[in-house]
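Comments concern the structure below.
Chain letters run A, B, ... following the sequence lines, proteins first, then strands; residues in each count from 1.
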Amino acid sequence: MQAFVDSLIQQGYFTGMPTQVVYAIAMIAAAFAVLSFFVAPLAGVTSWLERRVWARMQSRVGPNRVGPQGILQWLADGIKNLLKEDLIPAAADQLLFPLAPYIVFIGFLCTFVVIPFGSNLIVADLDIGILYLLAVTSIVVVGILMAGWSSNNKWSLLGGMRSAAQIVSYEIPAGLAVLSIIFLAGTMSTQGIIKNQGWAPWDWYLFNNPFTFIAFFLYFTAALAEGNRTPFDIPEAESELVAGYVTEYSGMRFLFFFFAEWGNLYVIGAVATILFLGGWQVPAVGDGLIEGVLQFVVFFLKAYLWVFVAMWVRATLPRVRVDQLMALCWKYMVPLSFLCVIGTAAWMVVFPHGNRWASVGMFVLGVVILLLFFGRVRYQIRHSKPELYLRPYI
Amino acid sequence: MLFNFANVLVFTALGAGFVGVNLLIGKLLRPNNPQERKLSTYECGEPATGSAWVNFNIRFYVVALIFIVFEVEIAFVFPVATAFRRWVESGQGGFAFIEILVFVAILMLGLVYAWAKGDLEWVKKIES
């Protein structure tokens, strides 16, 4: 973004103003634009879409009254929560209880600094991009623990503690999966990682070698657990903990926790896209503007595909138990992710310039697995004869 | 460089400001009618017994300790990982690989130790 602002200054748009002031205005404008035109509608529409997708999967209707197909439901929910009474329990910690939503929201919003939307569309291309992203995401734990402890409620305390234990545990496999990509890319900058890949699927890091292929699934599973999503949503398990760490929250403060959760889904998909799926890479089309739009669309669709998969997983899988959750992380995923790191490094030593045949072979294998999967789904749908609503849009 | 990190500061301030402004607008619009019953702690309708601020299960503490060991280790490997590709390109990949292997092996030893001591078990059996 700095280069863009510099070019504007050189063309004489801001004569007479100190450079620092122009920079400050540009930064605030960019941050405001990202928040109000991208993050807020995205989180809102995701919350609506999630309810619609579940409804479709469970043969229900879902919210469909506010706006066409109910797409403005999130605005109605926002206004409703804004007008609700905000209760702070008398027994709660009066300082930390109102502070927790701030921390959760800041930790979530700061990730968007390094998420690229196109080759030039990025707020700031930090050199330590992906490490910064991991660090900032971890701030959310502090907010959740704060919310759980300060409520002075047993449900909240249990939910907050479980959530903290779960997020810090799954941070290890996620961090190690990211690490194997940094071995390959040789840089931590998000743009640098994307530029090292190509538009074709066999140039993606997902198909670079068998170990990155495993690392992708490790990352996605660990990220779901970090985002407190089913099947790892024991911190807010309705059937045992009421609402976990948000039990005592109401109104707008309650909303901000879920704002961050739904927004985080997109961040998970975006990071998976940056690291494994070639980011915004498109074939060269020549025209600068068309290419920019194409890059944005490609990146958005790739990232949003994983949001959809997360919804799908949530509608399909049951919740795991606490001990199963911890055993899965420490006894299976951590050793496996160490294997991925060592394997990727060994692969680089054996094939210093990559192995094209292995990449193409793995791409074909991936397509075959996907086709088998969809074939199986088709078989199940045909033979179970489910009572699907053919027109669920009443 | 400073420009890039100033953006992080702006995002932090804007995040806090967004939450603050929304809560402020809400404060002007929403009803405020606190009552003793409303402000009591929720415990499924029963009057809450005692405070939730009690001594808590030590298992969470053990998990946090193991986490710190590994997280610090990952933070140390990040710079090495960034430089690894240059080592491979200059033909010294094998040497760098063995160094990384030794470092990771020592840490795996830590995991094996915690595993053998039974600290990864969520439900521990008391030995008679």
Inset, instruction - Sort out for me which of L109(A), V350(A), V114(A), T187(A) touches chain B most, counting heavy-atom pairs under 4.5 Å. - result: L109(A)
Inset, instruction - Answer with side chain, backbone, both or neither: which region of N196(A) has an atom nearer than 4.5 Å to a non-hydrogen atom of chain B? - result: side chain
Inset, instruction - Sort I66(B) into side chain, backbone, both or neither according to what part of it lies under 4.5 angstrom from a heavy atom of chain A. - result: both
Inset, instruction - Check whether E73(B) gets within reach of chain A through its side chain, its backbone, both or neither, counting any heavy atom under 4.5 Å. - result: side chain
Legend entry - Atom NZ of K80(A): over 12 foreign heavy atoms under 6.0 Å: no
Legend entry - Best-contacting candidate, L9(B), L107(B), V10(B), against chain A by heavy atom pairs under 4.5 angstrom: V10(B)
Legend entry - Region of L35(A) that comes under 4.5 Å of a non-hydrogen atom in chain B: side chain
Legend entry - Residue, of V19(B), L111(B), V77(B), that accumulates the most heavy atom pairs under 4.5 Å with chain A: V19(B)
Legend entry - Over 12 foreign heavy atoms within 6.0 Å of CD, Q35(B): yes
Legend entry - Pick from V63(B), V88(B), T12(B) with the largest number of heavy-atom pairs that fall under 4.5 Å of chain A: T12(B)
Legend entry - Segment of F108(A) engaging chain B (4.5 angstrom heavy-atom cut-off): neither
Legend entry - Flag if over 12 foreign heavy atoms under 6.0 Å of CZ, F103(B): yes
Legend entry - Within-4.5 Å side-chain heavy-atom neighbours: C110(A) and Y132(A): yes
Legend entry - Proximity breakdown for V39(A) and chain B, heavy-atom pairs closer than 4.5 Å: neither
Inset, instruction - Determine the option with the most heavy-atom pairs under 4.5 angstrom with chain B, choosing from N81(A), V341(A), I106(A). - result: I106(A)
Legend entry - chain B contact via M326(A) - which portion, at a heavy-atom distance below 4.5 Å: side chain
Legend entry - Region of L184(A) in contact with chain B, defined by heavy-atom distances below 4.5 Å: backbone
Inset, instruction - Please flag which part of A185(A) lies under 4.5 Å from any non-hydrogen atom of chain B: side chain, backbone, both or neither. - result: backbone
Inset, instruction - Please confirm whether W53(B) and W149(A) have ring centers closer than 6.0 angstrom. - result: yes
Inset, instruction - Could you tell me which of K331(A), H353(A), K84(A), M252(A) has the largest number of non-hydrogen atom pairs under 4.5 Å with chain B? - result: K331(A)
Legend entry - Within-4.5 Å side-chain heavy-atom neighbours: Y205(A) and T344(A): no
Legend entry - L145(A) side, atom CG; I103(A) side, atom CD1 - distance, nearest 0.5 Å: 11.0 Å
Inset, instruction - State, with a plain yes or no, whether a side-chain heavy atom of N152(A) is found less than 4.5 Å away from one of D93(A). - result: no
Inset, instruction - Step through the shown structure and confirm whether more than 12 heavy atoms of other residues, nucleotides or ligands are within 6.0 Å of CZ on F32(A). - result: no
Legend entry - Engaged part of E248(A) at the chain B interface, taking heavy atoms whose separation is under 4.5 Å: side chain
Legend entry - Residue F70(B) versus chain A: region with a heavy atom under 4.5 Å: both
Legend entry - Sub-4.5 Å side-chain heavy-atom contact between Y245(A) and F257(A): yes
Inset, instruction - Can you tell which part of S337(A) gets under 4.5 Å to a heavy atom of chain B, answering side chain, backbone, both or neither? - result: neither
Inset, instruction - Please state whether the side chain, the backbone, both or neither of A327(A) comes within less than 4.5 Å of a heavy atom of chain B. - result: neither
Inset, instruction - For the residue pair C329(A) and I172(A), establish whether any side-chain heavy-atom pair is separated by less than 4.5 Å. - result: no
Inset, instruction - Report the option among V322(A), L325(A), V334(A) that has the most heavy-atom pairs separated by less than 4.5 Å from atoms of chain B. - result: V322(A)
Inset, instruction - Sort V136(A) into side chain, backbone, both or neither according to what part of it lies under 4.5 angstrom from a heavy atom of chain B. - result: neither
Inset, instruction - Would you check if the side chain of Q166(A) reaches a backbone N or O of E226(A) as a donor-acceptor pair within less than 3.5 Å? - result: no
Legend entry - Most contacts with chain B, counted as non-hydrogen pairs under 4.5 angstrom, among I342(A), L87(A), I28(A): I342(A)
Inset, instruction - Could you tell me which portion of K154(A) (side chain, backbone, both or neither) has an atom closer than 4.5 angstrom to a non-hydrogen atom of chain B? - result: both
Inset, instruction - Decide whether E171(A) and S138(A) meet the rule of one side-chain donor and one side-chain acceptor closer than 3.5 Å. - result: yes
Legend entry - Region of F256(A) in contact with chain B, defined by heavy-atom distances below 4.5 Å: side chain
Legend entry - Residue pair D125(A) / S189(A), side-chain donor-acceptor N/O under 3.5 Å: yes
Inset, instruction - May I ask you to check whether F97(A) and Y249(A) place their ring centres under 6.0 Å from each other? - result: yes
Inset, instruction - Please state whether the side chain, the backbone, both or neither of I128(A) comes within less than 4.5 Å of a heavy atom of chain B. - result: side chain
Legend entry - Partner chain B: residue of I130(A), L255(A), L157(A) with the largest heavy-atom pair count (under 4.5 Å): L157(A)
